[in-house]
Each structure stands twice: as C-alpha cells, then as structure tokens.
Number of protein chains: 2
Amino acid sequence: MRGHQLAMALREAYLALHRRTDAIMARSGVTADQFVVLASLTEQIALTQRDLVVRTSSDPNTLRAMLILLERRGLIERRPHATDSRARTVSLTRKGRSAFRKLWRQSETVRQRLLAALDPDDASVLVSQLRRIVAGLVNSPVQGELS
Amino acid sequence: MRGHQLAMALREAYLALHRRTDAIMARSGVTADQFVVLASLTEQIALTQRDLVVRTSSDPNTLRAMLILLERRGLIERRPHATDSRARTVSLTRKGRSAFRKLWRQSETVRQRLLAALDPDDASVLVSQLRRIVAGLVNSPVQGELS
DNA sequence: TATTGTTATACTCTATAACTATA
DNA sequence: TATAGTTATAGAGTATAACAATA
C-alpha cells in the first residue's frame with residue numbers, strides 16, 4: 001500500500017462527505033463548514049473563538065469570517081467574556097438551536113450511510129486510526145522548516 | 001460509535017493532510033489541490049478534462065480554474081483532442097514533470113507519516129473502507145431530492 | 001511577553017446557469 | 001439529444017500580516 005493511495009482515498013471520502021452535506025444544507029443557506037461550527041456550539045453552553053478554532057480545525061481568520069456570516073443570520077451571538085475581556089464567548093441563539101436541530105435531522109441519512117458502509121465494529125477502529133493520522137501530521141516540524 | 005464522530009474524524013484527518021501538504025508546497029507556489037491534478041497527469045500520457053474531473057473528484061468549473069492557473073505557470077498544456085474535437089487533452093509540460101518530481105520528493109515525509117501512523121496491514125484495509133464510504137455517499141439520491 | 005481577537009487584503013476553490021460546438 | 005468545454009458570476013473558505021487591547 002502506498003501513501004499516495006491512502007491520501008487520495010482520504011481526500012475522496014472527505015470530499016464526498018462534504019459535498020453530500022453541503023447539498024443537503026444548501027436549502028437552508030448553511031454550509032457544511034458552518035454546520036460544523038454550529039455542532040461544536042451544541043457541545044457546551046459557550047465557547048470562546050479560540051476554543052472553536054481548536055474544535056473546528058480552523059484558522060482564526062477563517063473562523064471569524066464564518067462567525068460573522070452566522071451572526072448576520074441570527075444563528076449565533078457573541079458576547080464579552082465574563083472574566084477575560086480580551087475574549088468573546090460564542091453561543092447559539094434560540095433560532096440557531098432550532099436551525100441546528102433541523103439540519104441535524106436532515107443530515108441523519110448521511111451519518112447512517114457513513115456507518116452502513118462499514119462493519120459495526122470497524123467504525124470505532126476507523127475513528128482511532130484517523131486520530132492517529134492527525135497526531136502524526138500535526139504538531140511536528142516539516143522537513144527543512146525552521147524551528 | 002456515532003456517525004458524527006466518524007464524520008468529524010474524517011474531516012480532521014483530511015484537513016491535517018491538506019494543510020501539511022499546502023505548507024510544504026507553498027514555496028513552489030503550487031497548492032495541494034493543484035498537486036493532485038499534477039499527480040493524476042503522471043498516471044497517463046494525456047487525459048481529457050472530463051477524465052480529470054473524475055480522477056480528481058472536482059467540479060468541471062473548478063477543474064478548469066485550476067488548469068488555467070497551471071497553464072499560466074507553464075506546468076501543463078492543453079491541446080485539441082485527436083479524434084473528438086469537442087474535447088481537449090491535458091498533459092504535463094517538461095517543466096511540469098520536473099516541478100512534480102520535486103514536489104513529490106518534498107511531500108515524501110507526509111506520505112511516510114500517513115503510513116507510520118498505522119500498523120502495516122491496516123493501511124490497505126483503511127483504503128478499502130474509505131472507498132466503501134465513498135460508494136455509500138455518491139451516486140444515490142438525497143432524501144427528498146427530485147429524481 | 002504572550003494571547004485574543006480585529007482589520008485589511010488577496011487568492012484559490014467551489015459551484016450555478018446559460019451558452020457554443022460537436023458527437 | 002447528450003456531451004465537452006467555456007463564459008460569466010458569485011460566494012465561501014483560506015491564510016498572511018500588521019495591529020489594538022488585555023492577561
């Protein structure tokens with residue numbers, strides 16, 4: 001097995017997932033990437049933008065652009081952080097929670113298909129393998145890069 | 001195991017791969033997506049744009065935008081197809097082949113890390129699982145979509 | 001000094017729709 | 001009629017760099 005094949009298979013699977021998700025959510029005017037932000041915000045009452053950067057694997061500037069779009073549509077709100085006045089906390093609005101629930105239902109089939117493509121026991125193994133791949137790729141210097 | 005976790009793990013792994021690849025190739029002014037196009041062109045002498053759309057999992061318009069960028073930089077060339085005058089064949093130029101070889105060497109560590117994150121026998125299993133996921137997601141109608 | 005977030009800016013990828021030309 | 005590719009257009013995500021305010 002060659003590394004390039006694995007890279008291409010990973011790319012193809014992710015793009016298929018991403019496009020299928022985008023297609024389902026297009027009617028609601030929410031992108032797959034924005035859905036990831038909304039989903040992260042359901043896991044905790046309020047997160048700082050910094051937290052969200054980590055959870056969504058996004059660049060701070062990219063995240064900000066997405067938050068502004070979501071804020072403009074009334075799905076999220078940003079408030080001053082209670083104790084750290086540099087930070088802002090992000091949370092879902094009532095409208096955002098409602099929109100998310102609908103999007104979650106609409107995307108149920110995608111998650112089902114994802115799982116249906118695998119033997120039941122394989123899914124959790126796959127997740128841990130993907131996480132090991134992430135660990136191997138991030139937080140380690142690139143060849144020839146300045147430390 | 002929940003489908004959402006799998007989706008998020010897939011996303012995280014792909015983005016890590018994509019960003020690491022982009023970072024390595026940035027000095028050469030080639031993006032990770034353009035690298036995929038160049039790599040596809042090494043597999044066969046000449047491909048039509050249609051062929052490339054399939055091989056790179058791209059939209060025709062997206063692919064065209066990338067080809068124009070690559071053509072402007074002298075890495076690929078497009079010629080009329082020999083027998084189908086609607087089509088154009090795309091191929092690497094001498095400069096493109098040389099650039100690709102360099103990029104391939106520079107990205108060797110990424111592929112090694114990808115494989116190093118897994119047990120040797122697991123890589124091929126992973127590839128086939130990813131392909132089954134793709135098969136489960138594409139070429140089947142979305143719930144509620146018009147046929 | 002390091003961190004959080006903003007501003008300004010630019011480019012690539014992405015895709016829809018209408019179109020031409022050819023098979 | 002279907003297919004290959006183009007044109008026009010728009011938007012989303014991506015990221016770099018310089019910056020202000022605060023920890």
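Residue numbers start from 1 in every chain, and the chains themselves are labelled A, B, ... in the order their sequence lines are given, proteins ahead of strands. Both backbone and side-chain heavy atoms feed into the values below; hydrogens, waters and symmetry mates do not.
In this structure, B:R64 atom CZ and C:dC19 atom C1' are separated by 12 Å, rounded to whole Å. With rounding to whole Å, A:I68 atom CD1 is found 7 Å from C:dT6 atom P. Note: CD1 (A:I76) to P (C:dG5) measures 12 Å, nearest angstrom. In this structure, B:R79 atom CZ and D:dG5 atom P are separated by 16 Å, rounded to whole Å. In this structure, A:R88 atom CZ and D:dA20 atom P are separated by 18 Å, rounded to whole Å. Whole-Å rounding puts the B:L67 CG to D:dG5 P distance at 10 Å. Between the CG atom of B:L63 and the P atom of C:dA15 there is a distance of 12 Å, given to the nearest Å.
Donor-acceptor pairing under 3.5 Å is recorded for the side chains of B:S107 and B:R111. Under the 3.5 Å distance criterion, with hydrogens and angles disregarded, no donor-acceptor pair is assigned to the side chains of B:R27 and B:Q106. A donor and an acceptor atom, one from each side chain of A:R97 and A:T93, are nowhere located under 3.5 Å apart.
Under 4.0 angstrom from either OP1 or OP2 of D:dT6 there lies no side-chain N or O belonging to B:R86. Contact annotation: B:R78 does not reach the phosphate of D:dG5 (side-chain N/O to OP1 or OP2, under 4.0 Å).
Along DNA chain D, the nucleotide closest to A:S85 and the one closest to A:N61 are compared, and the more 5′ of them pairs with A:N61.
Across all strands shown, A:T31 has heavy atoms under 4.0 Å from sugar-phosphate atoms exclusively, and none from any base. B:D84 comes within 4.0 angstrom of the backbone, heavy atoms only, and of no base. Backbone-only engagement by B:D33 is indicated by non-hydrogen atom pairs under 4.0 Å involving sugar-phosphate atoms exclusively. B:A87 comes within 4.0 angstrom of the backbone, heavy atoms only, and of no base.
For DNA chain C, the neighbouring residues in residues 49-59 of chain A, judged by any heavy atom under 4.0 Å, are A:Q49, A:R50.
With contacts defined as side-chain heavy-atom distances shorter than 4.5 Å, the pair A:H81/A:T83 qualifies. Between B:L69 and B:R73 the shortest side-chain heavy-atom distance does not fall below 4.5 Å. Looking only at side-chain heavy atoms (C-beta outward), A:D121 and A:D119 stay at 4.5 Å or farther from each other.
The aromatic rings of B:W104 and A:H4 sit perpendicular, their planes meeting at an angle over 60°, well past the 30° parallel limit.
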